[in-house]
Structures are given as structure tokens and as C-alpha cells.
Amino acid sequence: MNVAKTIAEIRRCVRDARAAGKTVGLVPTMGALHVGHVSLIEAAAERCDFVVVSIFVNPTQFGPGEDFEKYPRPFEEDLAICAEHGVSAVFAPSPAEMYPQENLTWVGVEKLTAPLCGRSRPGHFRGVTTVCTKLFNIVGCDVAFFGQKDAQQAVVIRRMAADLNMPLEIVVCPTVREDDGLAVSSRNKYLSAEQRKDAAQIFQSLSRCREMIEVGEKDASAIRAEMCGILGRVPAMEIEYVSIVDAGTLEEIERIGGRVLVAVAVRLGTARLIDNILVDTTR
Ligand code: AMP
């Protein structure tokens, strides 16, 4: 497995792979790899001959006071996980390699970045879309793999790639969960044992929502109220949003119909946790 720390090195690896006729898949990550990331690596290995995993805690997508400094960086363990899962090359640049001078050029997606996480994390998606554009330009992949866990990110990246005619396919993989339903996340490490137990209520609330929709509830406010009640069982949990939106436009809906994205963001201790489900009522 190649471990490239510079743009020149990863370009060389990919150029050699292409010369050998290989298709290239990219899995962008911030490291602290877990089974969620592994599911993306496996999906990439199934589709592509040469799998690149990028590991970069991107400073431009963190706001002031967020967890950029304390974000876990277990680099050697991450390399072991990549090697174990047949990754062809890891791209792990430093911030200075990615941003050698003041960044004056940004990629921004309108509308889709305004609601949900965009509301409490101004500038976050601009950082994400800019770094993903840079990674796509650096690696030159045929396919890039993202997780449904970050539902808004997936919608935004897909739209960016389409609007800017980026010559690659975006694949979104299902959310991997713990046994009690909690979405696996690098940020779960911030939870105490008790908070970890309490965090299961997030999936409980989403599951209840799915049930309500399946038995025909059409009133989004009624569903939201029920979900807030379930989350409210954990007094320490601070609800940032419980939103029921159109899965394509991310606009809030009042009547359930079409493809519905139900998304939750909470704060529990120092952790900010997000999760979501997609419910397709057209099926
Ligand atoms: P991160 O390292 O948290 O930026 O995540 C890198 C990629 O892994 C993103 O596309 C995430 O959506 C995806 N991802 C993170 N957690 C999960 C999970 N539990 N299931 C599936 N994909 C995930």
C-alpha cells in the first residue's frame, strides 16, 4: 500500500494505476477510521481497481470553537485498517500541503447548504465542497464514495459534481450502525459510558418516525413532536434540530410524501451527533 503525503506522490501513484488500465475510486475521510469508513472502502473495492483513501482533518470545514484540535488522529491505526482492507494508496497530506497559501478560491453550493447543519455551522459546507473539489482534482478519481450518515453532505456533493460537470460518479453508501442503532461515528469517542447509552435514543426517535410514516401518519409536526418526546427522555441531550425535509431539495415539508429525509442533530456532552433516515413513500 502506498502512503502519499504529498500531492505529487499521490498523482504519481494514480498515474501509474491509470497507465495499467485501472479505474480509480476515492474514499475521502478525516481518519479515525471505523466500520462505517470500511463499508465505503469495500464498496470502492467492488467498483474500482485502485482504491485511494484520503485522510485529512480539513481545517476549513471547522468553525471557531469546534473540535478541529481535539479531533482524533490515530494515524498508524488508520493505516493498518486501510492495509487490512486492501486499499491501494492512502493520501494523507498536511494542512500546509493542501493550503500552502491563504485560500482565496472557494466552491460553494447555494440553497442546499442553508438548512439543517448549515444553520448551526456557517462555512462548514463551503469547507467541505472546497476540499472535496481539491481532492477530486488531485486524485482524479472515476468514482467517489460518501456515507448516507452525512445526508446533507451527500446531497450537496452530488449537486456540486453535477453543476460543475465534474467527470466522476458520486456513490452514497448506507449508514453503518452499532447494535443499538447508534450511527457509528468518530465523534462517538467523545461520549462517556452513560452518554453512549443515552445516544441510542437518536435512532429510537428515527425508528419511531419510520413506524409512524409506515402506518400512514402524514402530519410532519405530529411526527416531529413524537421524536422530540423520545429525545427528551434524555435531559442532558440538547436538540439542535429534528427536521423532516424533501430528500432532494432539503426543504421542510408539512405533509409526508415523496422521498422524505428525516434528520436529527443533538449535542450530548461535548459531542455533536447527527443521524438520519430516508423514507421513500412512493414505493
Ligand atoms: P468522516 O471521516 O467522518 O468525514 O467521514 C468520511 C466518510 O465516511 C463520509 O462520507 C461519511 O458520511 C462516511 N461515514 C461516516 N460514518 C459513517 C457510517 N456510520 N456509515 C456510513 N458511512 C459513514
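One-based numbering, in listed order, for ligands and for the atoms of each.
- Only the backbone of Pro174 comes within 4.0 Å of ligand 1, judged by heavy-atom distances.
- Between Asp67 and Arg272 there is no salt bridge, since none of the side-chain N atoms of the basic residue sits less than 4.0 Å from a carboxylate O of the acidic one.
- Contacts between His34 and ligand 1, counted as non-hydrogen atom pairs separated by less than 4.0 Å, involve the side chain only.
- Atom numbering of ligand 1 starts at 1 in the shown order; those under 4.0 Å from a heavy atom of Lys149 are 16 (N), 17 (C), 18 (C), 23 (C).
- Close contacts between ligand 1 and Thr29 involve ligand atoms 2 (O), 6 (C) [criterion: under 4.0 Å to a heavy atom].
- For ligand 1, the polar-atom distance check finds an N/O of Val176 within less than 3.5 Å of one of the ligand's N/O atoms.
- Across Gly147, Ser54, Gly31, Ala43, heavy-atom proximity to atom 22 (N) of ligand 1 is greatest for Gly147.
- The nearest non-hydrogen atom to atom 14 (N) of ligand 1, considering only Ile274, Asp275, Asp150, comes from Asp150.
- Contacts between Gln153 and ligand 1, counted as non-hydrogen atom pairs separated by less than 4.0 Å, involve the side chain only.
- Phe56 and Tyr99 have tilted rings, their planes meeting at an angle from 30° to 60° on a 0 to 90° scale.
- Counting heavy atoms closer than 4.0 Å to ligand 1, residue Val27 contributes nothing at all.
- Within the set Ser39, Pro28, Ala151, Cys173, the minimum heavy-atom distance to atom 7 (C) of ligand 1 is found for Pro28.
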